[in-house]
2 protein chains.
Amino acid sequence: GERKGQAERMLGLMDVFLKNDPISLQKDILHHVEYTVARSRFSFDDFEAYQALAHSVRDRLIERWHDTLIHFKKEDPKRVYFLSLEFLMGRSLSNIVINLGIRDQFADALSQLGFDFEVLAEQEGDACLGNGGLARLSACQMDSLATLDYPAVGYGLRYQYGLFRQVIVDGFQHEQPDYWLNFGNPWEIERVHITYPVKFYGTVTDEFLNGEKCKVWVPGEMVEAVAYDNPIPGYGTRNTINLRLWAAKPSDQHDMESFNTGDYVDAVVNRQRAESISSILYPDDRSYQGKELRLKQQYFFVSASVQDIFRRFKDTHKKFDEFPEKVALQLNDTHPSLAIVEVMRVLLDEEHLSWHRAWDIICKIFSFTTHTVSPEGLEKIPVDLLGNLLPRHLQIIYDINFNFVEELKKMIGLDYDRLTRMSIVEEGAVKDFYDLWPHKFQYKTNGVTQRRWIVVSNPSLCALISKWLGTEAWIRDIDLLIGLRDYATNAELHQEWKMVKKVNKIRLAEYIEVMSGLKVSLDAMFDVQTKRIHEYKRQLLNILGIIHRYDCIKNMDKNDRKKVVPRVCIIGGKAAPGYEIAKKIIKLCHVVAERINNDNDIGDLLKLVFIPDYNVSVAEMVIPGADLSQHLSTAGHEASGTGSMKFLMNGCLLLATADGSTIEMVEEIGQDNMFLFGAKAHEVVALRKKGPTLKVPLQFSRVVRMIRDGHFGFEDYFKSLCDKIEGTSDYFLLGADFMSYLEAQAAADKAFVDEERWTKMSILSAAGSGRFSSDRTIQEYAENTWDIQPCRCPF
Amino acid sequence: GERKGQAERMLGLMDVFLKNDPISLQKDILHHVEYTVARSRFSFDDFEAYQALAHSVRDRLIERWHDTLIHFKKEDPKRVYFLSLEFLMGRSLSNIVINLGIRDQFADALSQLGFDFEVLAEQEGDACLGNGGLARLSACQMDSLATLDYPAVGYGLRYQYGLFRQVIVDGFQHEQPDYWLNFGNPWEIERVHITYPVKFYGTVTDEFLNGEKCKVWVPGEMVEAVAYDNPIPGYGTRNTINLRLWAAKPSDQHDMESFNTGDYVDAVVNRQRAESISSILYPDDRSYQGKELRLKQQYFFVSASVQDIFRRFKDTHKKFDEFPEKVALQLNDTHPSLAIVEVMRVLLDEEHLSWHRAWDIICKIFSFTTHTVSPEGLEKIPVDLLGNLLPRHLQIIYDINFNFVEELKKMIGLDYDRLTRMSIVEEGAVKDFYDLWPHKFQYKTNGVTQRRWIVVSNPSLCALISKWLGTEAWIRDIDLLIGLRDYATNAELHQEWKMVKKVNKIRLAEYIEVMSGLKVSLDAMFDVQTKRIHEYKRQLLNILGIIHRYDCIKNMDKNDRKKVVPRVCIIGGKAAPGYEIAKKIIKLCHVVAERINNDNDIGDLLKLVFIPDYNVSVAEMVIPGADLSQHLSTAGHEASGTGSMKFLMNGCLLLATADGSTIEMVEEIGQDNMFLFGAKAHEVVALRKKGPTLKVPLQFSRVVRMIRDGHFGFEDYFKSLCDKIEGTSDYFLLGADFMSYLEAQAAADKAFVDEERWTKMSILSAAGSGRFSSDRTIQEYAENTWDIQPCRCPF
Ligand SMILES: Cc1ncc(COP(=O)(O)O)c(C=O)c1O
Ligand SMILES: Cc1ncc(COP(=O)(O)O)c(C=O)c1O
């Protein structure tokens, strides 16, 4: 009305967009120093300068985010809603300024103020709202969704405590809560008015509405979800999409309870407990123990997200038949799978659709990605727990199952055995489902974003690639990377390529020295295995190999030693706090490192370093500096693995089993350019069947014996670890694969001394990594699964 | 260094101070809409406009706050540290812009944008970090400290939940948690780097340091305190002082515990509990039950504040003999009294001073104000609790007492009875202490700030006063108010004075109508009693009087009724959640109101309104609209009372007992201008001695009987209430004072119908209120107690 007219008139006074010339940027930064960070203009430290810088960037981010949201609203395209309980974003600053295309301007502006952009960027703490691969994948996919202009919205939880920080005390892992919000988070926008009530417990009653019987859920507890929006900018586009994270807050609007109790303080304390629902990220990356709090988190997240999706739909649409034309819901793993039941519940109980219509919608809108091939990875929820916390949902699940089994009977007849296996209330066997509906199962190659993993974290390599390809277009169009193959033997490129690797190795070596005091030789091969610690990922195989190598060197004469290829072995990764065996592996790594690194006999021939607290920032520094990376999962256990993709993009050679994505890497870069080893998936099955008759090599028994005999101390502590890999209990086949592993290692050594060959392999690795960009994955999802179109925001 | 040089050069680019012309203000507001509130420039609602406005004001506040802190740092004057567990700030926006002198500029700028300043100001929620009088007093005193340029720092707790919100359900009080931070708080500055560890539990061990035995406290738990700074601007000065509130946050720096436990989630949840220490304000304004959480809050607050004070002192000083020259510590009531022991502990155990030197310092730096004259008001802490939570402090208390008793023996000999009474570990009798050290006891008249209670909340009256005094100087120099006496009979002033009251009555009447649907007559006398509900404050006497009045009217004939002075009786106030009798009084008020307001017989002759959730904002609206205000505490029970001062300043007539500050009001405005009643303090003692032989008037028995007989329903519920005021149990002497009360009410009626007399009394009330400005109180404290000087920041 009139007010709006007046406001618009006044807006004539403002620049339409913030300016990015050095003076404007400097003014902005200093303004934020004084008025946002509230520091004196004449004294602020690096952290405060970072905060001011971040707020200046945030201002520019907000402009685009706004425009994108408005554009989506106007165009009203079909959207994909990406639901994930975990997002491992790491740091944001560099990524954002690069995607916005204003990194250099900011760096210049800062240097005139006497600050170094890189130094300030280091001030930022990681946002670790996830455990590992699955969570980082969500982050990469958000980047691709934004860059490819897809109308997407991410939903997640804003944990107050991110993934624990790993600290090493006497070689043992300890866990520290990661209160990442302590120093503020400039990348989020608190949306105090976007809140939804989330219900728990209570009972279900029958009521009559307009003569129709319907179910009404009378909750016993209510918590409020408030939205925190995290703008995700695309690269080379104005599009900046939204990642909405929910936090629990004290319910004030929909207040059911005002107290009338003598002990008011107690009552409030109790209520606070309910509100801490979203505060802690579960630190297990593969299995959950059916804890009530975990289930509460999942439903809290799902309920708020679904309410938000319905609200948006209903703002502009009336008929639910249009729902599948406007909404696709992507579930990242099983964690958000309650969303299916929740949407069903809302359609039935609140929108009063018939079962048939509701189920039809469900079947059209949902898709879900599994990240695991092992049954333990599937979350199981005890029926009692579910029935107590979400009584109406349990009813609906039973109803879905009933209808489903009826349907099945029509399709497959009364094969009770098969019916039981497929009843979805009990654990289903995937294969049975696949046999019936093969089109519902699609394999998609995962990918990572080259923006984060080359452009942000390896700027020298980025510049080099652009120089040789003659364009920066590969940053949005990864297929161009293949063009590097043309120069795979070019001596000039070789020279520059080696320089880049050296620069990155220096950075990594400095980090190692600062962190542990250990000086490592830059001539050595930097051999890295970083990922969550798991038996199936076989860090133990790596350590046993290192002990073997150490043992060999010790037994060599002087001349032979001269031929040894020097190695710096780097291991890093967190163990789930309750995962005893994984924690023992970490301790073993430390005792072995202690022995080797202090053995004057060995010198630079072998070093072993454990890098603590492996997270995105550490990965960004370690990956570019690695010569070789190891991916040792027993074949058949890694659904994909994305760490390997990052190494590949950065021209690291891979030493790996044929498992998960490495199988596809062979297709892309050829097995000559990798060091493959170990039993294939089908062989693993056979080997396990052999069981007790399986022979293990002497070398293997020897290194295990060294541990058992207390060569590295702590023999009692390591006994259970040794028992796990000897005899029939060697489930992950360390013994069976050991010789093959050593051979692959020897091949790597041989290749490394031939510099030209190694560099060529390195170039071909990067050149062949295009298939592993999340841009490609997302495009496939968009076209084949979600059926959505790009919606590009005009400049 | 170089960097600083560069930064300063760049600062040449910035305006030194933000500009306050309309265009600049509008640009600022719109900038904050888009970039801070993160709303679209083209759509923002009143609340978002308020947020943007508040941030623009905050920017200007920060400039002065900075300059003041720097000035204090440079000058290094003796500072007073004002420690209070409660600050009842209410809203801040209007107060701040008025003190900064930029209210009109902002109002103009907003109106050009199509917004109304007053409407936006209403969007702000109250900061209710306190219970009642004591807490509001702290707020008034901070305003005076800033205005009078004193180098003061306030310390308090940043409760996440302020004082509960009172909601009335069926006439009963219910309590709702007040999560005042839900929508952000632009008036605070989070100082993430100003944190201190606070220790609890554990043990005390003896250690040797440089050959000296000393005590070391090994804590069992540690919580981190983080500072939130709230700038408090003075009026008519650049000085803007700091109120630092502490919040508990997860400890990361001084991390004692990293977990190494399977159940990490559980461990974190437990730790979170410890961190919720500062989250809830105890809702009792007079007594505490020795709860551990309360004691933890107190020590948390005291420890962080003391560490901050020592840090500041040690930044620039080496010798502790200078401590009393730089530091005065004011304790607001007993709540922060652990500060004495804590300073002693730090001096002894950490700074290694001798007992004698340390105690000498203690005696010089501390002063403390009590706000109560009743023993229940003094907090008592069970020895076990203290010894467990703060083992070292208990030792020190015993040592202090030992030394004190030794000293005493020298002074008064071995009078065991007297010694026991005075042993400070047990409850002491104040009188004994007074007899020995009369100079340590000073009576100070409390005061309230005219900035908040006239200038902010009654702008019409403010303008009128300035007009007639010919100056605004009274806003800083309250003594000028007396000048109004010269016009006490001036007809023109009378006219304008009545207009102002009418405007304020209209506002109040509208509020009542919106809130309760009740239409009240503007011709009626608005008769107000608002304050915490307490037996000693005798809201019950008021209600009984109203029942009596109702009963009388009912029994009158038509003609007599014409002579009745119409009344709107307004009662408001919160009851402590565990205070049953107070809650019954609230319910009684509602049932009586229900009866009277719906009695067509009565019409406008009598209305009774309970205003729920009495807080500062409600007070700011109610007080200017009141014709008469009631202060009925049984003589001898109210140490001061500050509500009455606010009414007085606003030209309300007082109907009161001679208790607390009303005694001084008589001195200022004469008893002809007030309606005094009831037993005097010395008579109360005598009356209580009479006990069972005390006669109560028939009228009194009649109204109590009406309640007992169920005239208003709920007779069972009210039985215990009636029992409390009949027979020997009428401790607060409602019966004894009843006739006198009715007479005072009749006198008020009589005065009200004589408009000229009433208006003159009203003018003389305001004119005589100067003594009750907190400016005067603070000046007395500064000169006589703290020995500090103003330290004015240059423009
Ligand atoms: C911090 C972090 N953890 C875990 C992973 C997943 O590694 P992988 O796929 O090798 O298990 C990644 C991927 O780079 C990562 O950045
Ligand atoms: C909200 C509030 N509560 C309580 C009080 C104290 O009132 P009294 O001194 O009449 O008890 C005040 C003072 O104005 C107040 O503003």
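Throughout, a chain's letter reflects where its sequence line sits, starting with A, and its residues are numbered from 1. All values derive from a computational prediction rather than experimental measurement.
Contacts between A:Y579 and chain B at a heavy-atom distance below 4.5 Å are absent for every atom of the residue. If you measure heavy-atom distances from B:L293 to chain A, the contacts under 4.5 Å come from the side chain alone.
Interface remark: of the candidates A:G184, A:S279, A:A576, A:S279 forms the most heavy-atom pairs closer than 4.5 Å to chain B.
When all heavy atoms of B:H193 and A:E48 are compared, the closest pair comes out as ND1-OE2, 4.4 Å. Closest approach of A:R58 and B:T36 over heavy atoms only: NH2-O, 3.9 Å. A pairwise comparison of heavy atoms in B:Y35 and A:D59 identifies CE2-O, 3.1 Å as the closest pair. Counting all heavy atoms, side chain and backbone alike, A:E34 lies closest to B:H66 at O-CE1, 4.3 Å.
Taking A:H71 as the reference, nothing meets the ring-ring contact (aromatic ring centres under 6.0 Å, His included) condition, with sequence neighbours excluded.
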Exercise. With side chain to side chain contact (heavy atoms under 4.5 Å, CB included) as the test, would you mind laying out the steps for A:L18 and B:H31 before giving the verdict?
Key: CA-CA 10 Å; A:L18 295 174; B:H31 189 91; 4.0 Å; yes
